[in-house]
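Heads up: the structure comes next, in structure tokens.
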Amino acid sequence: GTCLHDDSKVEKSLRSLKDKNKKLEEGGPVYSPTVDHTIVRRTIGQRVLDEVKHYYHGFRLLWIDTTIAGRMLWQVLNGHPLSRRERRQFLRTCADVFRLLPFLVFIIVPFMEFLLPVALKLFPNMLPSTFETQSKKEERLKTELRVKLEMAKFLQDTVEEIALRNKAAKGNVTEEFSTFFQKIRDSGERPSNEQIIRFSKLFEDELTLDNLTRPQLVALCRLLELQSIGTNNFLRFQLIMKLRAIRADDKLIAEEGVDTLSVNELQAACRVRGMRALGVTEERLREQLQQWLELHLNQHIPTSLLLLSRAMFLPDTLSPADQLKTTLQNLPDIVAKEAQVKVAEMELSQVDNKTKLEATLQEEAAIRQDNKDRELERLADAAERTEFSLSNGDMAKHSETLRDTAPVLEGIKGEEITKEEIDMLSDACTQLKEQKKLLTLEKEELEDLKDDVQEYSEDLKEIKKELSKTGQEKAVQESKASQRLSKRVNRMIGRIGKIITELEQDKVVLDGQMDRPSTPPIGENLISINELITVMRQIQNIPEHKLQSIADALDDNKDGKIDIDDVIKLVELIDKEDIDINTSQVAEIMVMLQKEEKLQEKEKAQKEQAAKLNN
């Protein structure tokens, strides 16, 4: 869905092009790089050397990408889900391989589709097997549906990674970015506001959060009144969930207008965004919220930067641009390297293989470190449990250990939910889906995928249009690999649609209701909380009060009904990151998912309205 993800690269490139053309039309200054334009003639020897270097780094990049992608594919086949960060790295490496060797699309993708049944036999853990279906055929179709959906989504993301290449653009954008960053870091010279705003857009939330230092993560958690104890991984997960909630909230507030908020709502909104909320006039509250929305929604400054600048407690008198400048000064170097790769992609100029290689290797090292942290946390958890069961007989000893850990726990509101309980929740959802033969989530994912594909082709057309204004449309082309992949994705979408239809026909035959409308009744995926509890009881022996508190966390509006698809999304989020979580955090994530859905419905309605008007 549109509100969950950052905008795709294609959208960003389109935005940056539109900005440029608008400035040209208005006759304002267009940010042309301030790089020295005396062209140095390279000797033949130098040219040969440069080419050799280019290919050397290209081959190294290809080799490293292939090993990383291979390792991650093996992980997926063996049933270990990729974390959010690993999926991004997998995407980046696959996109690179296709970018460097476009003909592989013809070999790898059909091969993957063809070998699916074999892979599923060889690697039975690849999909969680809670399918207790009546027929083998249904099971086969369901498995194919899940895998095809995941594959098609992944390939569509890859298409957007490598969409365009510009034959004419020379890599001066990266140089400009380097000089900009140098200016900010070392020299006293201040870049223009425009440059600050323009380059700030590159420091996307996930990339920034993934590479912040521990003290920075803790400062952000404190600012947002989140728990600040836990592994870096856990702090990051909390922050990313919070940022998603803020993003959805921002869009909803912008729709209704800041003026419609009461003073209490204003204070709450400012507090959530790390801004002063008490002892401030109502006017000032509105102003600062308005400014936040302007920077986030209109200037597309990432929320993480806005919050970091608040966490530094800079004086109120600083202009937004200066606050951002100070924030960028304090970011770790690795974030700057990632942003440098981003800027070249966004401006459609060629990315230097060496920069890309360095960024990939840095990210790989970080992922390894993350996985080490997770392993340590797992061991600590296990040790705690053994200790707990040993000291259970001797309660006195146990109360000693409890007293020790008390201060750690005081920041946590709500009860902890263990990983086993999350697994059990996941099984319960799968069983309920089976019983009710629900395909609502799959349909929603298919719709989202179709929307993505549609948006992508519209964006491409618009980019062509914008480029033709400056006569560059010949230079920029859709890359071969992404054209080929697009065809594949469209074929897969057709196949996925067919599978869903086939499964639904089986369902109708089984239900013996032939006259049912083909669209699912609204709210088909709503189940009563008691149903869920009953299924959970059957799966595993869990104390009643714990079941009740999990159920309460899931049902935030207390109407006794929950959306099973939301619960599945929640479980996936927690599963991927492999973290411990408590009931109050679960409740917050559910609220966030509902907000995002509300937004999606609004956006859909607006799109349909616009389409009607156009016709």
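Note that this is a predicted model, so its numbers are computed, not measured.
Contact of the Arg374 side chain with the Thr231 side chain is not registered, since no non-hydrogen atoms from C-beta on lie closer than 4.5 Å. Here the side chains of Arg310 and Gln323 are in contact, with some heavy-atom distance below 4.5 Å. Counting heavy atoms from C-beta outward, Leu223 and Leu308 have side chains that stay 4.5 Å or more apart. Residues Phe154 and Thr158 meet the side-chain proximity criterion, which asks for heavy atoms closer than 4.5 Å. Between Leu425 and Val567, the closest side-chain pair of non-hydrogen atoms falls below 4.5 Å. Two residues are said to be in side-chain contact when any heavy atoms from C-beta on lie closer than 4.5 Å; Ile463 and Leu17 meet this criterion. Side chains of Phe203 and Thr327 form no contact here, defined as non-hydrogen atoms less than 4.5 Å apart. Using a 4.5 Å heavy-atom threshold, the side chains of Val76 and His80 count as separate.
Using a 4.0 Å cut-off between charged nitrogen and carboxylate oxygen, Glu601 and Lys598 do not count as a salt-bridge pair. The existence of a salt bridge linking Lys18 and Glu466 is excluded, since no basic side-chain nitrogen approaches an acidic carboxylate oxygen closer than 4.0 Å. By the 4.0 Å N-to-carboxylate-O rule, Lys569 lies too far from Asp563 to be salt-bridged with it. Ion pairing between a basic and an acidic side chain is recognised when a charged N comes within 4.0 Å of a carboxylate O; Asp157 and Arg87 show such pairing. Ion pairing of Arg15 with Glu462 is absent here, as no side-chain N (NZ or NE/NH1/NH2) approaches a carboxylate O to less than 4.0 Å. The pair Glu287-Arg284 counts as a salt bridge, with a side-chain nitrogen and a carboxylate oxygen less than 4.0 angstrom apart. Under the 4.0 Å criterion applied to side-chain N and carboxylate O atoms, Lys604 and Glu597 are not assigned as salt-bridge partners. A salt bridge is absent between Arg92 and Glu364; no separation between the charged side-chain nitrogens and carboxylate oxygens falls under 4.0 Å. Between Asp210 and Arg88 a salt bridge is recorded (basic side-chain N to carboxylate O distance below 4.0 Å). Between Glu206 and Arg236, no side-chain nitrogen of the basic residue sits less than 4.0 Å from a carboxylate oxygen of the acidic one, so the salt-bridge criterion is not met. Classification of Arg244 and Glu588 as a salt-bridged pair fails, no side-chain N sitting under 4.0 Å from a carboxylate O. We find that Arg271 and Glu225 are joined by a salt bridge, their nearest charged nitrogen and carboxylate oxygen being less than 4.0 Å apart. Salt bridge annotation for Glu455-Lys607: present, with a cationic side-chain nitrogen under 4.0 angstrom from a carboxylate oxygen. A salt bridge links Lys201 with Asp19: the closest approach of a Lys/Arg side-chain nitrogen to an acidic carboxylate oxygen falls below 4.0 angstrom. A salt bridge links Asp250 with Arg273: at least one charged nitrogen is closer than 4.0 Å to a carboxylate oxygen.
Side-chain contact, Thr93 with Asp65: no donor N or O sits under 3.5 Å from an acceptor N or O. Inspection of the Glu458 and Gln454 side chains reveals an N or O donor paired with an N or O acceptor under 3.5 Å. Side chains of Asp373 and Gln369: a donor-acceptor N/O pair is present below 3.5 angstrom, by distance only. Looking at Gln195 and Glu176, their side chains do bring a donor and an acceptor atom within 3.5 Å of each other. Between the side chains of Glu577 and Ser83, no donor N or O sits under 3.5 Å from an acceptor N or O. Side chains of Gln216 and Asn330: no donor on one and acceptor on the other come within 3.5 Å.
Judged by distance alone, with hydrogens and angles left aside, the side-chain atoms of Ser482 form a donor-acceptor pair with the main-chain N or O of Ala163 at under 3.5 Å. With Asp370 contributing its side chain and Asn233 its backbone, the two residues share no donor-acceptor pair below 3.5 Å. For the pair Ser479 (side chain) and Ile162 (backbone), a donor-acceptor distance under 3.5 Å is present. No donor-acceptor pair under 3.5 Å is formed between the side chain of Glu161 and the backbone N or O of Ala95. In this structure a side-chain-to-backbone donor-acceptor pair under 3.5 Å is missing from Asn211 to Val335. Gln227 places a side-chain N or O within donor-acceptor distance of the main-chain N or O of Ile229, the cut-off being under 3.5 Å. When atom types are taken as modelled, the side chain of Ser16 and the backbone of Lys12 share no donor-acceptor pair closer than 3.5 angstrom.
The distance from the CG atom of Leu306 to the CG atom of Leu324 is 6.5 Å, given to the nearest 0.5 Å. Separating the CD1 atom in Ile550 from the CD1 atom in Ile417 is a distance of 5.0 Å, to the nearest 0.5 Å. Here CD of Gln299 is found 5.0 Å from CD of Glu294. Values are rounded to the nearest 0.5 Å.
Across Gln89, Arg85, Arg368, a single residue satisfies side chain to side chain donor-acceptor pair (under 3.5 Å) together with Glu363, and that is Arg85. Each of Leu62, Ile64, Asp96 was compared with Leu357 under the side chain to side chain contact (heavy atoms under 4.5 Å, CB included) criterion, and only Ile64 meets it.
What you find for Phe181 and Leu328 is that their closest heavy atoms are CZ-O, 3.9 Å. Of all the heavy atoms in Asp459 and Glu11, the pair that sits closest is OD2-CG, 3.0 Å. Across all non-hydrogen atoms, the minimal contact from Met590 to Ala553 is CG-O, 4.2 Å.
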For this session: Report the C-alpha separation of Lys251 and Glu596 in whole Å, then their side-chain angles, then the decisive distance to 0.1 Å, and conclude whether the salt bridge (Lys or Arg N to Asp or Glu O under 4.0 Å) test is met.
Result: CA-CA 10 Å; Lys251 289 184 175 172; Glu596 287 183 341; over 6 Å; no
For this session: Start with the C-alpha distance between Asp333 and Arg185, add both sets of side-chain angles, then the distance that settles salt bridge (Lys or Arg N to Asp or Glu O under 4.0 Å), and finish with yes or no.
Result: CA-CA 10 Å; Asp333 287 338; Arg185 277 283 161 92; 2.5 Å; yes
For this session: Step by step, work out the side-chain contact (heavy atoms from CB on, under 4.5 Å) result for Val280 and Gln267.
Result: CA-CA 9 Å; Val280 189; Gln267 285 179 330; over 6 Å; no
For this session: Step by step, work out the side-chain contact (heavy atoms from CB on, under 4.5 Å) result for Asp580 and Phe234.
Result: CA-CA 8 Å; Asp580 292 319; Phe234 172 74; 5.9 Å; no
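Open room surrounds CZ on Arg222; 12 or fewer heavy atoms of other groups in view lie less than 6.0 Å from it. The 12-atom threshold is exceeded at NZ of Lys153, counting heavy atoms of other residues, nucleotides or ligands nearer than 6.0 Å.
Between Phe180 and Phe199, the angle of the ring planes lies from 30° to 60°, which puts this pair in the tilted group.
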